[in-house]
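Here is the naming used below: chain letters follow the sequence lines, and residue numbers restart at 1 for every chain.
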Protein chains: 2
Amino acid sequence: MTPPPVSPELKTEVDQVLEAIIYLYTESRRITKELAKRADLTGPQLTVVKLLEQVGDLSLSELSDKIRAQNSTVTGIIDRMEREGLVTRERSKEDRRVVHIRLTSKGRALAGAIPVEPMEIFKGALESLNAQEMRDLMRIMTKVAKRVKQIVRRDVGEGDSGTSGTSQGQGKEKEEK
Amino acid sequence: MTPPPVSPELKTEVDQVLEAIIYLYTESRRITKELAKRADLTGPQLTVVKLLEQVGDLSLSELSDKIRAQNSTVTGIIDRMEREGLVTRERSKEDRRVVHIRLTSKGRALAGAIPVEPMEIFKGALESLNAQEMRDLMRIMTKVAKRVKQIVRRDVGEGDSGTSGTSQGQGKEKEEK
DNA sequence: CGCGGATATTTCGTACGCTAAATATTCACC
DNA sequence: GGTGAATATTTAGCGTACGAAATATCCGCG
């Protein structure tokens, strides 16, 4: 992680909610990692293996979409998985720009050995909510997400304008002694 | 990020909530990065600069706690910031193991030039909720977080043992093979 | 005093993750 | 039927992130 919180000293309601969100997110990554380690995989690799097991071969771009990462990132992940003999690359016959990623039998065996998707734990917790809470949560989260999108589009979208400061491109430092 | 979702084809309520959470989290990172870029900083660096501006000098360990990262990670971040003349390292006099991180005037100027903490945007969105929603959200998120902690402690905590099925507390999932 | 255990930070090695630029192909259109 | 815009993937460079091991100190205790 990194950018998020800054563990607040005095907590407002907002801070608490933020903290819960951050906790859940980081925890989901930790859990993925933990589960993955048992199979000598990394978090992203476990995700890929489980995904391919479920939906079959995918092109690298499709894979990137699914796991929400850039192509260049996935290239690296697949490189390492290929090196480990978990997947193979196969150039598409119809469109030779495309590469299909396929699980090897070793990769498939490994996927089978890992019982649940990491996210299941997370889901399990959400499912402990009753119907009413579930509805409320969904409605509220959706509202917040939408609101963030608005603010982002307005405030951050095309930045600058008055942002006078910021830019000390090269001013160079020479303050201290 | 990476481990999380796997963009679901059919979305249950749970999936939607998950997606909202993931969206909010990744968006908060994206925003931090975006704001940071205007000052020629990275996300974590902006976080550090803003933090030091507000609370003053911190030891490296204190800093790690605050931004929820490992010491070794923060060492790297501070290395680069020191190189850029944004902060200085000062060995503590009382305990020579400790290093105090201090903003330089350049770092301070930069911090001053950036108007809001990135998290403010996020908070702004949460604040658009009415009192009732806020209470609900806090209660629900806290409950979910607590539940995840339970499951984690039981299923993932100390690995192996009989954890064959990573079984969720509630019988739950057993749908797909 | 001197030793062993605890604590603070750094170093090392590996894996993401992103952007920008390079490559390789495909496709549309003249 | 060739050329330039689009698309798919890879390469290159930088900055996190983490765990484990190395370093340097500090501290309590005999």
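- The nearest whole Å value for the distance from the CG atom in A:D40 to the C1' atom in D:dG19 is 15 Å.
- If A:K33 and B:R96 are placed on DNA chain D by their nearest nucleotide, the residue sitting closer to the 5' end is A:K33.
- One interatomic measurement links the two molecules: CE of A:M81 to P of C:dC16, which rounds to 9 Å at whole-angstrom precision.
- With contacts defined as side-chain heavy-atom distances shorter than 4.5 Å, the pair A:L110/A:L46 does not qualify.
- Using a 4.5 Å heavy-atom threshold, the side chains of B:L52 and B:I101 count as touching.
- Phosphate contact (OP1/OP2 of C:dA15, side-chain N/O of A:R83, threshold under 4.0 Å): present.
- In the set D:dG15, C:dC16, C:dT10, C:dC16 carries the atom at the smallest distance from any side-chain atom of A:T42.
- For C:dC18, one of the phosphate oxygens OP1 or OP2 lies less than 4.0 angstrom from a side-chain nitrogen or oxygen of A:T73.
- Rounded to an integer number of Å, the gap from A:L86 CG to C:dA15 C1' is 14 Å.
- Distance B:E82 CD to D:dG15 P: 15 Å, rounded to the nearest Å.
- Atom P of nucleotide D:dC14 and atom CD1 of B:I77 are separated by 17 Å, given to the nearest angstrom.
- Residues A:S72 and B:Q45 both approach DNA chain D. Their nearest nucleotides, taken by heavy-atom distance, put A:S72 toward the 5′ side.
- Dashed line: the shortest gap from a side-chain N or O of A:R91 to OP1 or OP2 of C:dT25 is not under 4.0 Å.
- Going from atom CG of A:L63 over to atom P of C:dC16 covers 12 Å, rounded to whole Å.
- Remark: P of C:dT11 and CD1 of B:I78 are 14 Å apart, rounded to the nearest angstrom.
- For the pair B:R91 (side chain) and B:V99 (backbone), a donor-acceptor distance under 3.5 Å is absent.
- Between the NE2 atom of A:H100 and the C1' atom of D:dT10 there is a distance of 17 Å, rounded to whole Å.
- The 5' end of DNA chain C is approached more closely, in terms of each residue's nearest nucleotide, by B:T75 than by the other of A:E94 and B:T75.
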Quiz item: In the 5'-to-3' direction, what one-character label does each nucleotide of nucleotides 3-8 of chain D receive under the scheme B = base within less than 4.0 Å of a protein heavy atom, S = sugar-phosphate only, - = no such atom?
Solution: ---BBS

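- Checked for salt-bridge contact, A:R102 and A:E90 meet the test: a charged N lies under 4.0 Å from a carboxylate O.
- Salt bridge A:R89/A:E82: present, at least one basic N to carboxylate O contact under 4.0 Å.
- Looking at heavy atoms from C-beta onward, B:V98 lies out of side-chain contact with B:E62 at the 4.5 angstrom threshold.
- Heavy-atom neighbours of A:R139 CZ from other residues, nucleotides or ligands within 6.0 Å: above the threshold of 12.
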